[in-house]
2 protein chains.
Amino acid sequence: MMQTLQVIYQHPLLTESELETICQAHVPVVFSKGDYLLKKGQVANSYFCVIEGLVRSYVYDFNGNDITTGFIGKNEIAIDVVSLFHQIPSVEHFQALTDCKCYAINLDNFQVLYHSIKGFNEWGRAWMSECLFQLKQRTISMITDSASERYKRLQYQHPQILQEAPLKFIASYLGITDTSLSRIRKELVKEV
Amino acid sequence: MMQTLQVIYQHPLLTESELETICQAHVPVVFSKGDYLLKKGQVANSYFCVIEGLVRSYVYDFNGNDITTGFIGKNEIAIDVVSLFHQIPSVEHFQALTDCKCYAINLDNFQVLYHSIKGFNEWGRAWMSECLFQLKQRTISMITDSASERYKRLQYQHPQILQEAPLKFIASYLGITDTSLSRIRKELVKEV
DNA sequence: TCATCCACTTGCCATAGGACAAGAAATTAC
DNA sequence: GTAATTTCTTGTCCTATGGCAAGTGGATGA
């Protein structure tokens, strides 16, 4: 447990023993392919550190189209930040794309540690700013890069996703249709 | 000063006196149109609460195109979260689009308050999760909405920006060219 | 007062990606 | 093992937006 969660909770201000305390506040949870970690409308009361498997977050737009907002893989955290910390209903669904092993921590336990361990507090801020940065990068990429460039970037940065997620989910994540993504793939194969 | 900063620092866990302590840690700063609050490559050492005026954040993409990443108006905060909290060089420029009045707080003062006032810590987390939420909404909008819908949304949510920012900056923020935005505007006028 | 510079508009044509529909191929269900 | 369902590919045609270039009007500056 320690070895796996350590990757996620890596932070210079966290001592070995604090890290252990934090890890011990987690409980193992497994999800089968298709299970929901959190559904739209539910108020989150914990978050999930993904140790194995792949999770997809998505919303429905006004036309009822399913839009993938993110993929959460090994050593990443599946969480609706707003739902959990503001205790309001989630706007996203979080669903296991494959069988998953996770460690969960609930809000109450989190809060206690967050306020008693300064390094954990710092870790939280660092984690959130990293999320903001990633999301900003993605937005910029949506503006400046072509669909095929966005695909190649995903391929390079998160190859696991391309292996395990169906094409249509990857397509909506990239902001294109599955038809277009299929054609882009075909082109890329040719190029090689 | 209190009245204006109170809007930004609104939080249920902050008492009147704590709020006052926080406000007193800020110093007034003014910027003239065109001034930089922070330049790419600099390490941020403070953030700016905008009281009056409009700030634009932007980056250059690999082709040298100027991409507007955000607008920061009245009662919003101009900050490069990653640069300030990780103390690394900023990747964005922050420039005053109009003359601006701000209150600034530096990192050291912020840290002291952040760790000594629990409500301020909570405020910080709430503020960041709100940012994440807004940014996620924007990304979804980039995927599901047409350029003209994105423009109308901006018009509705941040009319100030349309008044004060030149068309080309709004265009790159929306992910289109200034030419296209000009045509979209023309269409919208017709519709009315 | 004239020259220069922006900000914006407009025209013409090019192109990336979407809509829809028809298969193939793979997976799941019974 | 066969039917049903889902996943992915492909064809045809269409539309939103981009690229480039010319032109207008207002602002700024010597």
Side-chain angles (χ1 to χ4, degrees), chain A residues 32-35 54 56 58 60-68 71 95-99 139-155 161-192, chain B residues 32-34 54 56 58 61-68 71 95-99 139-155 161-192:
Chain A
S32 300
K33 180 175 177 175
D35 286 354
L54 188 64
R56 177 177 82 104
Y58 65 99
Y60 291 104
D61 73 7
F62 59 98
N63 286 320
N65 298 316
D66 166 330
I67 307 292
T68 299
F71 293 103
Q95 187 180 27
L97 276 187
T98 65
D99 293 350
T139 308
I140 294 172
S141 174
M142 292 294 300
I143 294 177
T144 64
D145 299 342
S146 69
S148 130
E149 286 165 335
R150 297 201 295 277
Y151 177 77
K152 280 187 278 190
R153 176 168 307 202
L154 185 64
Q155 189 172 41
I161 295 172
L162 301 196
Q163 306 302 317
E164 300 187 345
L167 178 138
K168 65 178 176 183
F169 296 154
I170 300 170
S172 74
Y173 178 74
L174 294 174
I176 56 178
T177 59
D178 53 350
T179 310
S180 291
L181 182 51
S182 177
R183 286 191 241 267
I184 284 170
R185 269 189 176 168
K186 189 179 164 191
E187 279 307 307
L188 291 182
V189 171
K190 268 195 213 163
E191 278 178 24
V192 180
Chain B
S32 302
K33 180 176 177 175
L54 188 63
R56 176 176 83 104
Y58 65 99
D61 72 7
F62 59 98
N63 285 319
N65 299 314
D66 167 330
I67 307 293
T68 299
F71 293 103
Q95 188 180 27
L97 277 187
T98 65
D99 292 351
T139 308
I140 294 173
S141 175
M142 292 294 301
I143 295 177
T144 63
D145 300 342
S146 68
S148 130
E149 287 166 335
R150 297 201 295 277
Y151 177 77
K152 281 187 278 190
R153 175 167 308 202
L154 185 64
Q155 188 171 42
I161 295 172
L162 301 196
Q163 306 302 318
E164 300 186 345
L167 179 138
K168 66 178 175 183
F169 296 154
I170 300 170
S172 74
Y173 179 74
L174 294 174
I176 56 179
T177 59
D178 53 349
T179 310
S180 292
L181 182 52
S182 178
R183 287 191 243 267
I184 285 169
R185 269 189 176 169
K186 188 179 163 189
E187 279 308 307
L188 291 182
V189 171
K190 267 196 214 163
E191 278 178 24
V192 180

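Order of the sequence lines fixes the chain letters, A, B, ..., with proteins taken first and strands second; residue numbering starts at 1 for each chain.
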Rounded to whole Å, the CD1-P distance (I170(A) to dT9(D)) equals 10 Å
**OP:** Report yes or no: is the cationic atom of R56(B) (NZ for Lys, CZ for Arg) under 6.0 Å from the centre of the six-membered ring of F71(B), at an angle within 45° of the ring normal?
**Re:** no
Between S32(B) and A96(B), the two heavy atoms sitting closest are O-CB, 3.6 Å
Test side chain to side chain contact (heavy atoms under 4.5 Å, CB included) applied to N65(A) and Y60(A), step by step = CA-CA 5 Å; N65(A) 298 316; Y60(A) 291 104; over 6 Å; no
In whole angstroms, the gap separating P of dA16(D) from CE of M142(B) amounts to 17 Å
So CD of Q155(B) and CD of E149(B): to nearest 0.5 Å the spacing works out to 13.0 Å
Handout entry: No-hydrogen, no-angle side-chain donor-acceptor test under 3.5 Å, R150(B) and S141(B)
Key = no
Side-chain atoms of P166(A) come closest, of dG11(D), dC8(D), dG18(D), to dC8(D)
Separation of dA16(D) atom P from R150(B) atom CZ, nearest Å, is 13 Å
Those residues at least two apart in sequence (or on a different chain) that pass ring pair (Phe, Tyr, Trp, His ring centres under 6.0 Å) with Y151(A) are none
Walking DNA chain C from its 5' end, the first of L167(B) and R183(B) to be reached, judged by nearest nucleotide, is L167(B)
DNA chain C: first to last nucleotide in contact with chain B (atom under 4.0 angstrom from a heavy atom), 5' to 3', is dA7(C) to dC12(C)
* Is the closest side-chain donor-acceptor distance between T177(A) and S180(A) under 3.5 Å? -> yes
Rounded to whole Å, the CD-P distance (E187(B) to dT17(D)) equals 11 Å
D178(B)/R185(B) salt bridge by N-O under 4.0 Å criterion: no
The correct set of residues in residues 172-182 of chain B placing a heavy atom under 4.0 Å from DNA chain C is T179(B), S182(B)
